[in-house]
Amino acid sequence: MSNKFYLTTTLPYVNALPHIGHTSEFIKADVITRYKRSVLGKENVWFNVGTDEHGLKNYQKARDLGKEPREYVDELAAGWKEFCELYRINYDTFYRTSASYHVKPAQEFWKRSVAKGDVYKKEYKGWYCVGCEEFKTEKEIIESDEKGENGKCAIHKKDLVWTEEENYFFRLSKYRDELLKWIEENPDVLKPAKAKTELVNWLSEMEDISISRSKENLGWGIDVPGDDTQVMYVWFDALTNYVNVLGFGQEFPPKEAFKNEEDWRLKTQNSKLEDWWPGVQIFGVDNLRFQCAIWQGILLTADLPQTKKLLRNGFILASDGTKMSKTVGNTVSPFDQEEKYGAEAVRFYLVAGIPTYSDSPYKEDDLVNIYNSHLANNFGNLLNRVIHLANTKEVKLNDEDLVENDFKEKILGYESRLKGLYEEYDLQEAANLVNELATFGNEYITENEPWAKDKTNEEIELTLNNLSYLLKTVIELYAPIIPDSCERAAKMLEKREKGVLFEKKEVGK
RNA sequence: CGCGGGAUAGAGCAGUGGUAGCUCGUCAGGCUCAUAACCUGAAGGUCGUUGGUUCGAAUCCAACUCCCGCAACCA
C-alpha cells in the first residue's frame, strides 16, 4: 500500500485577488499537509494549488482591460503566488490551467470519454448569459420585449446573447446510479456528514452537461480533439488538473508546476500516478456539485478511482453572520488582515477560532482574543516561565531521560489524541487540544512551584524538565498551524533564550 | 407547501434519550517564576415556540416562527 498523501485545493477562478474564504481553504490545506509531512516525510506528501484561467469571463475581463488574456492571467497567477508566500502556504505544485502542460492531459480525458461513448453532440439555440456561462430558459430571463427578445439574465441583470451553436455534451447522467451507490457505501468520504443529503440530491438530479463552446465565441480554452471549431468548457478542463499534475495523460508530471527541479525529482522519482491518486480534496460550500458530482463523473469516464476524502470547508461569513459580498461592502481582505495582525495570527484564528466545517462569522475581536489567550498568555508565557526559571535556578532542561514516567505517559496520551484529530482533519479540535495541553503545563507549574524557596534543586530540575518535554510536544503539534512561531519557540527552548514569543495584539492594530 | 443548513449562557460553538458542556468575555479570590501573565472559584441557559412519544427529550415525531445559503463578486 502506498504511504503517499496527496491533497489539492480547488483551483480558484482567477478573475480577482484572493478573499478570506480562499485564505481559509488554503490555510487548512496547508495545515493538513504540514502535519502529514511531519509524519510521512516530505517526499511522501504532495500539496497542489493553482489557478483556473480559461473561460469567457477571464477572456472578456482581459479585453475590457485592454490586455491579452495571456498577459492578464499571468499577472493574476503571480498575485496568487504572492498571496501563498504571504500566508506561508507551502505548496508543492502551483498548477495553471492555461499552461502548455495542461493541454495534452486535458485532451486525454476528452479522448477517453469519447472512447467510452460518453460524449455526444447536440444543437443549442437560445439566450446565453456570459456571467453564468449558460443558456437561459424562459423562466430565467427578465425584462424581455413582446417578442421575448433582448431580455436580461435574472441573475446577472446583463444583456443576453442569442446564440446558436452545436456543443458537445458529457453523459454525466450515465454515472448517476454508480455515484449514488458510491456515496451510500462510503459515507465517510464526505466531511462533514451533514452535507450528504445535499450531495445525494445533486446526484439524483444530475443531468448531462455541456462541455464545449464554439471557438468563434471563445478562443480562450483548450481545443476539442478532432474538432477545431470547439474549445472545452472551462469546468471540464479545469477539474482534470487534480490528476494531470500527478502525471495523468503524459509521461511525467509537469516540471514547470513545481517550485524547482529538485522538488520535482523528489516527488516524482520512484512514484506513479497510482501512488498519489486517489487523494484528498478541500473545497468550499458552493463547490459541492462540481467536486463531488461532476468531477467524480469525469473520473469514472476516465477509469480513475473516486476521490478518497472530500473536505467541504465552511463559509467565512461577515461579522454579522451574513454572507460576505463586495456589493454590500462587508468583505474582509486577507491582505488587510495580514497587515494588521500578521499571517500567523490570521492562520491561528481561522484554524483554532472558527469551526472547521461549518459556516461562521469572522470577527477581529475573536481573532485578537484567541491569539492573546491561547498563544501569548498560555503557550508563550509558559515557555518564558520555564526558560526563565531554569536559567535562574541553573538546572538542566530538555533532558528526556529526566522526565518522570507518569508525566511522560500523560503527554503521550495527549499526543496520540492529537494525532488522531489531525488524521481525521478535525483541525479546530486539534488546535484546542494543544491549548489544553499548554493549560495543563500552567496548572502543573503552579502546583509544583519551582520558584518556592523550600524546593530542592533536584525537585526544580524534575519539574522544569517535565515541562520542557511538554513544551516540545506543544511546539510540535502547533507547528502545522503556526510554523514560524514554532520554529522560533523550538530555538528558544533549545538555547534557553528568554523572549516574548507572541506579542499581544489589539483590535485594529 | 422548491431544496438544504441552522436556532443551546454576552459572543462563537460541542452535545442525536439518562444529572446541560467547551473556548472567549465578565466578576471574586489566590499566587508572584512569567508577556498586568498564571491558578482557583463564581455568576450567566425554562437548549426558537407549541403539542406528542417515553419512566425520562436539547436529543425522537408533528406543526409553527425566525435566520442563513442554494443568485452576482465567490471557497
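Proteins get letters first, then strands, A, B, ... in listed order; numbering begins at 1 in each.
Residues A:Ser24 and A:Val500 each lie close to RNA chain B; by heavy-atom proximity, the contact nearer the 5' end of the strand is made by A:Val500. Across the interface with RNA chain B, nearest-nucleotide mapping of A:Asp366 and A:Lys453 shows A:Asp366 to be the residue nearer the 5′ end.
A centroid separation of less than 6.0 Å is found between the aromatic rings of A:Phe379 and A:Phe502. For A:Tyr72 and A:Tyr59, the ring centers are positioned 6.0 Å apart or more. Aromatic ring centroids of A:Tyr91 and A:Phe26 lie 6.0 Å or more apart. Under the 6.0 Å cut-off for aromatic ring centres, A:His54 and A:Tyr233 do not qualify, their centroids lying 6.0 Å or more apart.
In the set B:rU40, B:rG12, B:rC33, the nucleotide with an atom closest to the side chain of A:Pro355 is B:rG12. In the set B:rU32, B:rG4, B:rU35, the nucleotide with an atom closest to the side chain of A:Trp451 is B:rU32. For A:Thr197, counting side-chain heavy atoms from C-beta on, the closest listed nucleotide (B:rC33, B:rG25, B:rG4) is B:rG4. Closest contact between the side chain of A:Glu198 and the listed nucleotides B:rC38, B:rG4, B:rC33 involves B:rG4. In this structure, the nucleotide among B:rC73, B:rC33, B:rC39 sitting nearest to the side chain of A:Ser325 is B:rC73. Nearest to the side chain of A:Ser358, among B:rC68, B:rA14, B:rC24, sits B:rA14. For A:Ala376, whose side chain is taken as the heavy atoms from C-beta onward, the closest listed nucleotide among B:rC38, B:rU35, B:rC24 is B:rU35. With B:rC68, B:rU35, B:rC33 as the choices, the nucleotide that has an atom nearest any side-chain atom of A:Thr322 turns out to be B:rC68. Checking B:rG4, B:rC33, B:rA11 against the side-chain heavy atoms of A:Lys363 singles out B:rA11 as nearest. Residue A:Pro361 has its side chain nearest to B:rC13 when only B:rC33, B:rU23, B:rC13 are considered.
Residue A:Leu383 is classed as having no contact, given no heavy-atom separation below 4.0 Å to the nucleic acid. Counting any heavy atom pair closer than 4.0 Å across all strands shown, A:Ser319 reaches no nucleic acid atom. Within 4.0 Å (heavy atoms only), A:Pro450 reaches no atom of the nucleic acid at all. Among the heavy atoms of the strands lying under 4.0 Å from A:Phe283 are primed sugar atoms or P, OP1, OP2 only; no base atom is included. Within 4.0 Å of A:Phe26, counting heavy atoms only, lies no atom of the nucleic acid at all. A:His388 comes within contact range of the sugar-phosphate backbone alone, with a heavy-atom separation under 4.0 Å but no base atom that close. Here A:Asn287 lies in heavy-atom contact (under 4.0 Å) with sugar-phosphate atoms only. Across all strands shown, A:Gly314 has heavy atoms under 4.0 Å from base atoms, whether or not it also approaches the sugar-phosphate.
In this model, the phosphate group of B:rC70 is approached by a side-chain N or O of A:Lys323 to a distance below 4.0 Å at OP1 or OP2. Checking the phosphate oxygens (OP1, OP2) of B:rC13, a side-chain nitrogen or oxygen of A:Ser360 falls inside 4.0 Å. Of the side-chain N and O atoms in A:Asn377, one or more sit less than 4.0 angstrom from OP1 or OP2 of B:rC38. Between B:rC73 and A:Lys57, a contact under 4.0 Å exists linking OP1 or OP2 to a side-chain N or O.
Atom CZ in A:Arg385 sits roughly 6 Å away from atom C1' in B:rC33 (whole-Å rounding). A:Asn313 has its CG atom 17 Å from the P atom of B:rG69, to the nearest Å. Between A:Lys504 atom NZ and B:rA36 atom P there is a gap of 6 Å when expressed in whole angstrom units. In this structure, the OH atom of A:Tyr357 is 14 Å from the P atom of B:rG15, given to the nearest Å. Atom pair A:Asp359:CG and B:rC67:C1' shows a separation of 12 Å (rounding to whole Å applied). When the C1' atom of B:rG10 is taken as reference, atom CG of A:Asn369 falls 13 Å away, rounded to whole Å. One can place CD of A:Glu436 at 12 Å from P of B:rC39, the figure rounded to the nearest angstrom. Between the P atom of B:rU35 and the CG atom of A:Leu382 lies a distance of 13 Å, rounded to the nearest Å.
When both distances must be under 3.5 Å, the Watson-Crick or G-U wobble mate of B:rG4 is B:rC68. Base pairing annotation: B:rU46 forms no Watson-Crick or G-U wobble pair, as no partner gives both donor-acceptor distances under 3.5 Å. When both distances must be under 3.5 Å, the Watson-Crick or G-U wobble mate of B:rG12 is B:rC22. Across all strands shown, B:rU54 remains unpaired; no Watson-Crick or G-U wobble contact has both distances below 3.5 Å. Searching all strands for a Watson-Crick or G-U wobble partner of B:rA28 with both distances below 3.5 Å returns B:rU40. With a cut-off of 3.5 Å on both pairing distances, B:rC33 has no Watson-Crick or G-U wobble partner at all.
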In a table with atom names and distances, give each donor-acceptor pair under 3.5 Å that connects a side chain of residues 189-199 of chain A to protein atoms at least two apart or in another chain.
from, atom 1, to, atom 2, distance (Å)
A:Lys191, NZ, A:Glu424, O, 3.2
A:Lys191, NZ, A:Asp426, OD1, 3.1
A:Lys196, NZ, A:Glu184, OE1, 3.2

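In this structure, A:Lys472 does not pair ionically with A:Glu476, as no charged nitrogen and carboxylate oxygen lie closer than 4.0 Å.
Just one of A:Asp92, A:Asn244, A:Asn241 meets the side-chain hydrogen bond (donor to acceptor under 3.5 Å, both in side chains) condition when paired with A:Asn48; it is A:Asn241.
Taking atom C1' in both B:rU8 and B:rC22, one finds a spacing of 12 Å when rounded to whole Å. As rounded to the nearest Å, B:rC64 and B:rA7 have C1' atoms that lie 14 Å from one another. Spacing of P atoms, B:rA43 relative to B:rU65, comes out at 38 Å, to the nearest Å.
Applying the side chain to side chain contact (heavy atoms under 4.5 Å, CB included) test to A:Glu82 and every residue at least two apart in sequence or in another chain returns nothing.
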